[in-house]
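Notes to accompany the following structure.
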Amino acid sequence: MKMTTEEAFVKTLQMHGIQHAFGIIGSAFMPISDIFPKAGITFWDCAHEGSGGMMADGYTRATGKMSMMIAQNGPGIANFVTAVKTAYWNHTPLLLVTPQAANKTMGQGGFQEIEQMRMFADCVCYQEEVRDPSRMAEVLNRVIMQAKRNSAPAQINVPRDYFTQVIDVEMPRIVAFERPDGGTEALDQAAKLLSEARFPVILNGAGVVIGGAIPASMALAERLDAPVCCGYQHNDAFPGSHPLFAGPLGYNGSKAAMELIAQADVVLALGTRLNPFSTLPGYGMDYWPKEAKIIQVDINPDRIGLTKPVTVGIVGDAVKVANGILDRLSGTAGDEGRDARKAEIAKRKSAWAQQLSSMDHEDDDPGTTWNERARSAKPEWMSPRMAWRAIQAALPKEAIISSDIGNNCAIGNAYPSFEAGRKYLAPGLFGPCGYGLPSVVGAKIGCPDTPVVGFSGDGAFGIAVTELTAIGREEWPAVTQIVFRNYQWGAEKRNSTLWYDDNFVGTELDEQVSYAGIAKACGLQGVVARTMDELSEALRKAIDDQMNHGKTTLIEAMINQELGEPFRRDAMKKPVEVAGIDPADMAQTQV
């Protein structure tokens with residue numbers, strides 16, 4: 001069939017049902033963007049490509065549907081790097097389209113020329129460049145299939161002079177694979193271990209959410225009366241109201257989850273690569289059960305046994321594996337210590353809930369006094385934990401939320417729970433600042449009938465603030481964004497208090513800036529909340545305005561400068577002075 005290369009490209013997108021593209025318009029891909037409207041593809045022109053990539057990540061994580069990011073070759077594409085690597089560690093299948101400078105002039109250092117394949121080599125699961133115009137559809141189809149198979153971003157690189165070519169092409173076919181079920185021998189071994197376990201614990205990861213395995217894990221947990229923990233930033237991997245839900249592990253997570261998994265003799269790690277933040281000590285507890293037998297289930301064999309020694313490794317789909325283990329359990333599985341285990345789960349959960357509800361302030365480490373000083377300096381201001389409790393009082397149960405990286409968002413790790421998956425969009429282990437707002441915008445595009453709320457610290461939000469200039473336009477959906485305002489880079493400031501004697505280099509923010517004021521200047525609603533009651537009420541009204549009046553609201557939650565736990569105590573140590581540094585040694589002229 002004869003068609004143009006851009007028609008072949010867009011027809012392939014249609015074949016895969018890719019309906020949304022995020023980026024900034026550029027001449028290098030105008031041949032395809034010109035026909036996006038006819039094809040039923042919406043192009044969301046953001047303010048910065050990095051934020052556009054995070055919108056794509058939020059859309060796909062919230063809906064399970066693939067989206068794409070695209071921009072001008074060179075500097076436009078370069079701005080996607082952080083977002084693509086973020087999506088990679090969030091296990092998000094995305095299509096990265098990188099138009100390239102024309103083949104005719106490549107290598108001459110022409111306008112907006114850069115090696116785009118090398119730039120993304122470590123950020124995607126697969127990449128391919130179109131080598132001939134006639135292969136446009138073939139290559140694009142393969143890249144999309146690889147993204148889906150690997151649940152990660154994949155890249156197609158297209159020389160811009162390959163568009164507007166007439167080709168004779170047969171449209172490719174979609175080849176879908178059945179996901180593996182884990183293997184008979186491995187499932188038998190796992191079922192035997194769990195059947196004989198005295199205190200089995202299930203740890204659900206992102207694979208449970210992505211693979212739709214929450215019901216399967218619930219059936220297995222109920223059969224064993226096993227507590228279910230969630231990996232770091234995966235609070236939506238099990239229903240929060242379920243009596244067996246223990247909460248998230250890791251940084252500022254659930255103390256109940258840590259106390260329960262510490263007692264495990266068998267751990268079923270379902271759909272998780274056991275990333276370090278899901279196993280590091282918390283609240284002073286080195287809780288990971290070093291003597292327990294570990295069953296690790298992951299669709300990617302390269303990640304099994306990567307961070308923890310395992311007894312049984314299972315390569316397979318989380319649903320199929322959970323069901324396969326359930327079918328193989330012995331008739332007495334879970335009976336040993338069942339009543340005592342259920343009582344222990346209830347006791348630990350109740351104690352933690354009471355403790356969490358009464359935690360108002362952050363502790364200082366011995367020899368440091370920053371948090372004490374922060375409270376004294378602003379005694380009437382909310383603490384970060386007070387703000388999170390006020391948010392929980394007004395946040396709809398069905399809401400999708402996103403968070404940013406940073407101290408105040410991390411303090412909130414223990415608070416939100418969910419009844420369904422694809423509700424919690426956190427930045428993941430790449431840890432980019434500026435994720436909270438764009439990801440929740442993408443989620444709202446995909447789920448227009450669901451309330452969405454983004455969270456950011458004021459340092460991280462400064463990276464995404466430019467999106468306020470884009471999302472107020474009529475075609476963009478309304479969202480709600482909360483910014484924790486304490487005028488500091490909190491995570492790095494906590495490091496400075498612990499290891500650098502309060503030598504705050506680069507940690508302070510401009511107190512003259514009003515994000516609520518910027519929102520108003522962009523035609524949005526900007527609100528300042530100074531008390532818990534004000535914050536709860538502002539959030540309730542913002543949700544109503546979002547859902548019933550199509551209005552976007554930014555809420556500045558004014559909080560004191562208390563600082564929570566550092567992200568990783570094992571990554572820092574107190575510096576020592578050996579040679580010493582003298583300001584007199586600074587040269588006043590440069591050679």
Side-chain angles (χ1 to χ4, degrees), residues 82 85-86 89 232-233 248-253 255 258 275-287 359-378 381-385 387-388 403-414 426-436 455-464 483-511 557 559-581:
T82 296
K85 191 63 176 181
T86 298
W89 284 119
Y232 180 64
Q233 297 187 340
L249 293 176
Y251 180 56
N252 279 320
K255 188 180 285 189
M258 298 174 193
N275 71 68
F277 267 43
S278 292
T279 59
L280 282 175
Y283 304 108
M285 293 186 292
D286 188 6
Y287 56 83
M359 289 173 69
D360 283 340
H361 299 292
E362 303 305 307
D363 294 331
D364 280 309
D365 276 58
T368 69
T369 61
W370 176 260
N371 286 329
E372 180 185 349
R373 285 179 280 155
R375 289 191 290 274
S376 298
K378 295 178 178 177
W381 286 45
M382 287 183 288
S383 70
R385 291 190 181 275
W388 273 107
S403 76
D404 234 305
I405 199 69
N407 198 259
N408 290 314
C409 285
I411 285 173
N413 185 33
L429 267 291
F430 193 54
C433 290
Y435 184 82
F455 297 94
S456 298
D458 48 5
F461 186 74
I463 292 176
V483 179
F484 298 108
R485 197 70 166 116
N486 61 2
Y487 307 107
Q488 62 188 2
W489 286 99
E492 306 316 322
K493 197 164 187 176
R494 179 67 189 227
N495 292 338
S496 300
T497 67
L498 288 176
W499 291 288
Y500 295 95
D501 299 322
D502 287 0
N503 185 25
F504 300 134
V505 178
T507 61
E508 309 308 296
L509 299 176
D510 190 348
E511 296 189 19
I559 60 176
N560 67 22
Q561 292 193 316
E562 288 184 58
L563 298 167
E565 274 286 293
F567 274 99
R568 289 187 63 180
R569 289 181 179 270
D570 65 320
M572 306 282 286
K573 65 180 181 180
K574 190 81 171 176
V576 295
E577 186 176 31
V578 179
I581 300 296

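In this text, all values refer to a predicted model and were calculated from it rather than measured experimentally.
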>> If I take atom CH2 from residue W370 and atom CG from residue D364, how far apart are they, to the nearest 0.5 angstrom?
In response: 10.5 Å
>> For the backbone of Q561 and the side chain of Q488, can you confirm whether one donor and one acceptor N or O come within less than 3.5 Å of each other?
In response: yes
>> I'd like to know whether F484 forms a side chain to side chain contact (heavy atoms under 4.5 Å, CB included) with M382, so could you lay out the CA-CA distance, the side-chain angles of the two residues, the decisive distance to 0.1 Å, and finally the verdict.
In response: CA-CA 10 Å; F484 298 108; M382 287 183 288; over 6 Å; no
> Is any side-chain heavy atom of K255 less than 4.5 Å from a side-chain heavy atom of M285?
Replying inline: yes
> In Å, rounded to the nearest 0.5 Å, how long is the span from CG of D458 to CG of L509?
Replying inline: 5.0 Å
> Side chain of W89, backbone of P427: donor and acceptor closer than 3.5 Å?
Replying inline: no
> Would you say F277 and R568 make side-chain contact, with heavy atoms under 4.5 Å?
Replying inline: yes
> Backbone N or O of W489 within a donor-acceptor pair of the T507 side chain at under 3.5 Å?
Replying inline: no
> Do you know the tightest heavy-atom contact between N560 and P384?
Replying inline: OD1-CD, 3.6 Å
>> Salt bridge check, D360 against R375: does any charged N sit closer than 4.0 Å to a carboxylate O?
In response: no
> Between G431 and I405, which heavy-atom pair has the shortest distance, and what is it?
Replying inline: O-CG2, 3.7 Å
>> Keeping D286 on the side-chain end and P281 on the backbone end, is there a donor-acceptor pair under 3.5 Å?
In response: no
>> Between E362 and E562 (side chain of the first, backbone of the second, donor and acceptor by atom type, cut-off under 3.5 Å), is there such a pair?
In response: no
> Can you name the closest pair of heavy atoms from W388 and N408 and give their distance?
Replying inline: NE1-O, 2.9 Å
> Do side-chain atoms of Q233 reach the backbone of G428 as a donor and acceptor pair under 3.5 angstrom?
Replying inline: yes
> Taking all non-hydrogen atoms of both residues, which atom of T82 and which atom of P432 are closest, and how far apart?
Replying inline: CG2-CB, 3.7 Å
> Hey, does the side chain of Y287 reach the backbone of G250 with a donor-acceptor pair shorter than 3.5 angstrom?
Replying inline: yes
>> Could you measure the distance from the CZ atom of R494 to the CG atom of N371? Nearest 0.5 Å is fine.
In response: 5.5 Å
> So do E372 and H361 actually touch side chain to side chain, heavy atoms under 4.5 Å?
Replying inline: no
> Judged by atom type as modelled, is there a donor-acceptor pair below 3.5 Å linking the side chain of N407 to the main-chain atoms of G564?
Replying inline: yes
> Shortest non-hydrogen contact from T86 to F430?
Replying inline: OG1-CD2, 3.6 Å
> Counting only heavy atoms not in K574, do more than 12 sit closer than 6.0 Å to its NZ atom?
Replying inline: yes
> Does any non-hydrogen side-chain atom of Y232 lie less than 4.5 Å from one of N413?
Replying inline: yes
>> To the nearest 0.5 Å, what is the distance between CG on L498 and OG1 on T368?
In response: 6.0 Å
> Taking atom OG1 of T369 and atom CG of D365, what is their separation to the nearest 0.5 Å?
Replying inline: 11.5 Å
> Using 30° and 60° as the class limits, which term best fits the ring planes of F567 and Y251: parallel, tilted or perpendicular?
Replying inline: tilted
> Roughly how far, to the nearest 0.5 Å, is the CD atom of E492 from the OG1 atom of T497?
Replying inline: 11.0 Å
> Could you go step by step and tell me if C409 and Y435 meet the side chain to side chain contact (heavy atoms under 4.5 Å, CB included) rule?
Replying inline: CA-CA 11 Å; C409 285; Y435 184 82; over 6 Å; no
> Of all heavy-atom pairs between Y283 and N252, which one has the smallest distance, and what is that distance?
Replying inline: OH-C, 3.4 Å
>> Keeping N486 on the side-chain end and I559 on the backbone end, is there a donor-acceptor pair under 3.5 Å?
In response: no
